[in-house]
There are 2 protein chains.
Amino acid sequence: MLGPRLKELRGKRSQEEIAEKIGISRARLSHYENERSQPDHELLTKLADFYEVGIDYLLGRTDKKEPTESKIIKHKDDDKEIEEMLNDPELKMWHKELKGTPEEIREEALNFLRYLKDQERGRKPGDKQK
Amino acid sequence: MLGPRLKELRGKRSQEEIAEKIGISRARLSHYENERSQPDHELLTKLADFYEVGIDYLLGRTDKKEPTESKIIKHKDDDKEIEEMLNDPELKMWHKELKGTPEEIREEALNFLRYLKDQERGRKPGDKQK
DNA sequence: TAACTAAGAAATTCTTAGCCC
DNA sequence: GGGCTAAGAATTTCTTAGTTA
């Protein structure tokens, strides 16, 4: 998925032009565009910076270019889960309770919940007593 | 930057638990968390899916988690609260954790959370029972 | 000129096993 | 249990040089 995106973003400019601006050889850029190899994280970031898109877009995880608005490509299940959340009054209560609560405490509470569930299950997978 | 993010998202769960769910060895996950190696694009996507954040966040290109914001955000009736809920990846985690859990346990966990908050606050009962 | 690729050297990853707390 | 790491095999990347259109 990265390949086509890179090609699309380059438009009609030459590989050489982009490669030079980014500081890599043109063969290397060609490899990326043809998916013969994968850029490491540093270069991935550089490419995203250069083309001004989100990495999620580069990797085809979203169709939105903006980094801050990338959305995961999931299917119908997604809507279902969201609807479920919106229709759950108790979750709203949790949300109110959690909002503005220190990370430390949220984590501890989550841990406790998981502990309770493990107990319930009768099994003892993660006996994380605190 | 990936390392700290992965650790943060894992919370207090064990590497083994996550590694298994994602389908990799725990040494491998450890390497990622300690930045001894970089996951390839496929696994990067898998991690982002699993933790429900953007890849840009994983790689530290942004501080926004970029949750899986839904396409139905334009739901008629409401306010900021709902958008806030939908854009809170941690709340989704709570939702997953709470869904299908017996009322008894949910209540106990909620009480525990409130207890922790009261403790933290030093002195302020905030006794909002439902 | 522009893009692509073969080939091998160079670098990285990944697994296993063991170590430490 | 939970996490980290050494070592080397396995895999991937990257450069150069050459090919194709």
Considering non-hydrogen atoms only, spot the tightest contact between [X] and [Y] and give its length.
{"X": "A:Ala109", "Y": "B:Leu113", "value": "CB-CD1, 3.8 Å"}
{"X": "A:Met1", "Y": "A:Gly60", "value": "CG-CA, 3.2 Å"}
{"X": "B:Leu59", "Y": "A:His41", "value": "CD2-ND1, 3.6 Å"}
{"X": "B:Leu2", "Y": "B:Pro39", "value": "CD2-CD, 3.5 Å"}
{"X": "A:Leu44", "Y": "A:Leu58", "value": "O-CD1, 3.9 Å"}
{"X": "A:Arg5", "Y": "A:Thr62", "value": "NH1-O, 3.3 Å"}

| said: Show, in sequence, the C-alpha distance, side-chain angles and deciding distance for B:Phe112 and A:Leu116, and conclude whether the side-chain contact (heavy atoms from CB on, under 4.5 Å) test is met. | reply: CA-CA 11 Å; B:Phe112 183 63; A:Leu116 287 180; over 6 Å; no
| field | Backbone N/O of A:Arg61 and side chain of A:Asp56: donor-acceptor pair under 3.5 Å | value |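 Judged by distance alone, no pair lies under 3.5 Å.
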| query | Does any pair with a residue in residues 21-42 of chain B pass salt bridge (Lys or Arg N to Asp or Glu O under 4.0 Å), and if so which ones, sequence neighbours excluded? | reply | B:Arg10-B:Glu33, B:Glu17-B:Lys21
| With sequence neighbours excluded, what pairs up with B:Ser30 under the side-chain hydrogen bond (donor to acceptor under 3.5 Å, both in side chains) test? | B:Asn34
| Validation row: B:Leu29, B:Ile22 side chains within 4.5 angstrom (heavy atoms) | no
| said: Rounding to an integer number of Å, can you tell me how far A:Lys7 NZ sits from C:dA2 P? | reply: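 Interatomic distance, NZ of A:Lys7 to P of C:dA2: 16 Å.
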| Using a heavy-atom distance cut-off of less than 4.0 Å, which residues of residues 11-30 of chain A contact DNA chain D? |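 Within residues 11-30 of chain A, the residues near DNA chain D are A:Ser25, A:Ala27, A:Arg28.
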| remark: Note: contacts of residues 35-46 of chain B with DNA chain D (heavy atom, under 4.0 Å) are B:Arg36
Listed pairs, N/O of protein and of nucleotides 7-10 of chain C, under 3.5 Å:
none

| task | Take B:Phe50 and B:Leu9 through the test side-chain contact (heavy atoms from CB on, under 4.5 Å) and record every step on the way to the result. | result | CA-CA 10 Å; B:Phe50 183 81; B:Leu9 289 165; over 6 Å; no
| said: Can you give me the bend angle of the helix from C:dT1-D:dA21 to C:dC21-D:dG1? Use the axis through the first five pairs and the one through the last five, nearest 10 degrees. | reply: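 Overall, the helix from C:dT1-D:dA21 to C:dC21-D:dG1 bends by 30° from one end axis to the other.
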| message | Does D:dC14 have OP1 or OP2 under 4.0 Å away from a side-chain N or O of A:Tyr32? | response |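 True: A:Tyr32 side-chain N/O within range (under 4.0 Å) of D:dC14 OP1/OP2.
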| message | Please determine whether side-chain contact (heavy atoms from CB on, under 4.5 Å) holds for the pair A:Arg114 and B:Arg13, giving the CA-CA distance in whole Å, both sets of side-chain angles, and the decisive distance to 0.1 Å. | response | CA-CA 10 Å; A:Arg114 284 173 172 149; B:Arg13 288 169 288 178; 3.6 Å; yes
